[in-house]
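Here's the structure, in structure tokens; my notes come after.
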There are 2 protein chains.
Amino acid sequence: MTHRLPHLNGLRAFEAAARHLSFKTAASELGVTAGAVSQQVRKLEETLDVPLFRRLPQGLLLTDAGERYLPSITRAFEDLTRATEAIAPDINAKKFNIGVSSEARLVLPQEWPKRDKRLTAYVRSVIETNDIDLVRTDEVDCLIRFGDGPYGDLAVIAMPLVKAAAAQPAELHFVCKPGLADCRQSKAILESLDDGLSPSG
Amino acid sequence: MTHRLPHLNGLRAFEAAARHLSFKTAASELGVTAGAVSQQVRKLEETLDVPLFRRLPQGLLLTDAGERYLPSITRAFEDLTRATEAIAPDINAKKFNIGVSSEARLVLPQEWPKRDKRLTAYVRSVIETNDIDLVRTDEVDCLIRFGDGPYGDLAVIAMPLVKAAAAQPAELHFVCKPGLADCRQSKAILESLDDGLSPSG
DNA sequence: ATGAAGACTCAGTTTTTCTAAACCTCGACG
DNA sequence: CGTCGAGGTTTAGAAAAACTGAGTCTTCAT
């Protein structure tokens with residue numbers, strides 16, 4: 001069976017964008033800019049000659065075709081991921097997808113974590129979110145945010161904020177699944193955060 | 001669920017190469033050179049850090065890992081193909097994958113069909129094979145070969161060879177599924193063959 | 001009004017992929 | 001043995017694809 005497929009990167013962009021209903025968030029997940037996702041999706045729509053998204057002023061919606069397309073595509077990528085993990089478990093362990101709440105974002109150094117070279121080996125992508133469930137569903141490996149949970153059975157590491165502003169909580173939380181709390185990746189991220197939050201950072 | 005995957009083109013190259021157990025044939029199917037497939041597969045093996053092929057002097061074999069990997073990857077690509085065909089049936093209809101037996105190859109013009117510009121819109125790839133079953137399984141859309149079948153229920157269009165050599169059959173056969181016998185693609189290919197086989201070609 | 005957010009576009013750059021040609025190894029064959 | 005053919009591999013350079021960054025637009029909320 002020879003496969004006749006559109007460009008696979010376009011499919012990937014579509015899948016992420018459709019899942020998030022946002023080019024920007026999809027871009028974060030994929031580690032590229034929103035423009036790149038926009039281009040990829042447009043090209044895909046052109047090669048299929050089928051519109052996949054309805055671009056409304058309020059945001060994105062899927063077209064009927066997109067709606068029908070998404071589940072199969074997601075499933076196929078999940079299958080590829082599973083199969084790959086089965087024969088090469090390490091591909092998993094390599095890089096974290098980090099969630100950062102918009103509030104937490106404000107107290108972190110500019111463009112963190114990109115500027116910190118120690119993290120390049122450990123970080124795949126950073127998306128802006130405050131949704132703890134994304135940790136449970138593995139959409140992100142850790143979440144950096146303010147405020148209390150309830151975190152349930154998740155691991156939480158609190159970091160004091162030295163230069164806390166008046167109306168700001170005094171602690172930043174690093175949330176992840178318990179099993180990930182002290183892997184290399186978490187340690188590297190925490191160390192980097194520590195540096196970034198200290199007065200000299 | 002964010003997907004952590006190796007480069008998708010590498011996966012594609014692996015899938016085709018593993019199915020054919022030949023980089024050269026895979027390259028034909030994908031419409032690239034054998035070197036490109038070799039590179040893609042090597043890079044995939046590097047990112048997974050798992051060897052997928054055993055390169056023996058006699059040819060390729062899959063490693064255990066490759067053996068386990070292949071079925072899932074093939075299935076995933078088939079799913080992508082099916083889903084794509086479901087929402088964009090036309091992507092299907094566009095280009096033929098042609099099979100040419102090595103004997104037939106000899107009587108065709110050099111580099112046919114690449115040289116014939118009328119065909120670029122209709123031909124995706126050309127692989128060397130004499131296996132009629134590939135027509136049945138849709139691995140190729142048509143097969144150009146010598147000799148009699150049994151072709152069963154397949155459509156056969158015979159073309160007389162004007163300059164038949166002594167030990168050669170006098171007719172070249174164009175074999176395809178009945179439904180494809182007089183679509184635009186078949187017609188274009190037959191016309192090009194006709195020209196290519198005539199004394200002036 | 002003003003600002004923020006997100007999508008789009010476009011030119012230019014970076015990265016990836018591909019080709020073409022050389023090389024190497026092995027097996028077949030005279 | 002030599003020589004040939006068939007693949008696989010490697011390389012530099014070319015071609016194509018993907019990405020960025022900056023600017024624009026629209027809409028919504030203040």
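Naming convention: chains lettered A, B, ... in sequence-line order (proteins, then strands); numbering from 1 in each chain. Here the structure is a predicted model, which means the values were calculated and not measured. What's counted below: heavy atoms across the whole structure, side chains too, no hydrogens, waters or symmetry copies.
Of the listed nucleotides (dC8(C), dT19(C), dT27(D)), dT27(D) has the atom at the smallest distance from the side chain of P57(A). Nearest to the side chain of N9(B), among dG8(D), dC19(D), dT17(C), sits dT17(C). Residue A36(B) places its side chain closer to dT19(C) than to any other of dA7(C), dT27(D), dT19(C).
No hydrogens or angles were tested; on distance alone, a donor-acceptor pair under 3.5 Å links the side chain of Q39(B) to the base of dT11(D). A donor-acceptor contact under 3.5 Å is not formed by the side chain of Q40(B) with the base of dT16(C).
For K43(B), no side-chain nitrogen or oxygen approaches OP1 or OP2 of dT16(C) to under 4.0 Å. One finds a side-chain N or O of H7(A) lying less than 4.0 angstrom from the OP1 or OP2 phosphate oxygen of dA18(D). Side-chain nitrogen and oxygen atoms of R42(A) include none within less than 4.0 Å of the OP1 or OP2 phosphate oxygen of dC8(C). In this structure, S38(B) reaches the dT9(D) phosphate: one of its side-chain N or O atoms is under 4.0 Å from OP1 or OP2.
Comparing K24(A) and G31(B), the nucleotide of DNA chain C nearest to each residue sits closer to the 5' end for K24(A).
Here the P atom of nucleotide dA7(C) and the CG atom of L56(A) are 11 Å apart, to the nearest Å.
The C1' atoms of five pairs define one axis at each end of the helix from dA1(C)-dT30(D) to dG30(C)-dC1(D), and these two axes lie 20° apart (to 10°).
Side-chain N/O atoms of Y122(B) and S186(B) include no donor and acceptor closer than 3.5 Å. Side chains of N97(A) and S125(A): a donor-acceptor N/O pair is present below 3.5 angstrom, by distance only.
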